[in-house]
Amino acid sequence: DAGVIQSPRHEVTEMGQEVTLRCKPISGHNSLFWYRQTMMRGLELLIYFNNNVPIDDSGMPEDRFSAKMPNASFSTLKIQPSEPRDSAVYFCASTLAGTYNEQFFGPGTRLTVL
Amino acid sequence: DQQVKQNSPSLSVQEGRISILNCDYTNSMFDYFLWYKKYPAEGPTFLISISSIKDKNEDGRFTVFLNKSAKHLSLHIVPSQPGDSAVYFCAAGDPMNRDDKIIFGKGTRLHILP
């Protein structure tokens, strides 16, 4: 049974380029979360969706970041233009909506912006 | 402003001894607490949780203690094993959010020494 799938696993890009991270949640899950992990800030929530609808995007750092969930099995996180300070590991997680159900995380995408 | 604080970035414990990881929180509305474990190059995985109506929850070698008056929780691992070496994240949920959003701490890296 496949878990949460993220692609790419590693991304190296130059400052100013557009970056798109992809996530496929576990089938049947209806909540999806995007997190960013850095040494300074730990694991911070960027945005989450419920039934494909964005519920809370207060964690999105700035307008350069955007996220979409066009259907129940796919979500993207886009950074345009990217900056060196965006370098981090980005995780996607999914769960079946219900108070504090266990979130299942993908393996993450390690982003390096030069 | 961190609502969930893990003040020890790292901890080293001898194999076979007890590991105690600590977590403090500032929001008195939090009513559910979770611990996640993360290995390198993998996403976090759920370990154990506790509701605010309890002060202790045990699962095998793992026990979480909650002290609501002190806004403090701790994870005890007894006995510690080499496979326990990982980063441990404390997380908390606010029922006022009425959804699955949880706030993570920065994590504590646990090293189990042979």
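This structure is a prediction, so every number in the text was calculated from the model and none was measured. Sequence lines set the chain letters: A, B, ... in the order given, protein chains first and strands last, and positions in each chain run from 1.
Membership of the apolar cluster around B:V78 extends to B:I18, B:I20, as traced through chained side-chain contacts below 4.5 Å between ILVMFWY residues. Its side chain within the 4.5 Å cluster rule, A:Y90 clusters with A:M15, A:V19, A:L21, A:L32, A:W34, A:L46, A:I47, A:F49, A:M60, A:F65, A:M69, A:L77, A:I79, A:L111, A:V113 among the Ile, Leu, Val, Met, Phe, Trp and Tyr residues. By the 4.5 Å side-chain criterion applied to Ile, Leu, Val, Met, Phe, Trp and Tyr, A:L114 is assigned to a cluster that also includes A:V12.
B:K101 contributes atom NZ, which lies 6.0 Å from atom CG of A:L45 (distance to the nearest 0.5 angstrom). Between the CZ atom in A:R41 and the CD atom in B:Q2 there is a gap of 7.5 Å [rounded to 0.5 Å]. Of the inter-residue distances, the one linking B:I102 atom CD1 with A:Y35 atom OH reads 4.5 Å to the nearest 0.5 angstrom.
Of the atoms belonging to A:R110, not a single heavy atom falls under 4.5 Å from chain B. Looking at A:Q37, only its side chain comes within 4.5 Å of chain B, counting heavy atoms on both sides.
The two atoms that bring B:F104 and A:L43 nearest to each other are CB-O, 3.5 Å, heavy atoms only.
Contacts from residues 37-65 of chain B to chain A, taken as heavy-atom pairs separated by less than 4.5 Å, involve B:K38, B:A41, B:E42, B:G43, B:P44, B:F46 in sequence order.
Remark: A:R9 CZ is packed, more than 12 non-hydrogen atoms of other residues, nucleotides or ligands lying under 6.0 Å away. Other residues, nucleotides and ligands contribute over 12 non-hydrogen atoms within 6.0 Å of the CD atom of A:Q80. For A:N71, the CG atom counts as densely surrounded, since its 6.0 Å shell holds more than 12 non-hydrogen atoms of other residues, nucleotides or ligands.
Between the B:Y36 side chain and the A:Q103 main chain, a donor and an acceptor come within less than 3.5 Å of each other. For the pair B:K106 (side chain) and A:M40 (backbone), a donor-acceptor distance under 3.5 Å is present.
No chain of hydrophobic side-chain contacts below 4.5 Å, direct or via other Ile, Leu, Val, Met, Phe, Trp or Tyr residues, connects A:I5 to A:V89. Placement of A:F74 and A:I26 in two distinct hydrophobic clusters is found when ILVMFWY residues are connected by side-chain heavy-atom separations under 4.5 Å, directly or transitively.
Heavy-atom pairs under 4.5 Å with chain B peak, among A:G59, A:P107, A:S31, at A:P107.
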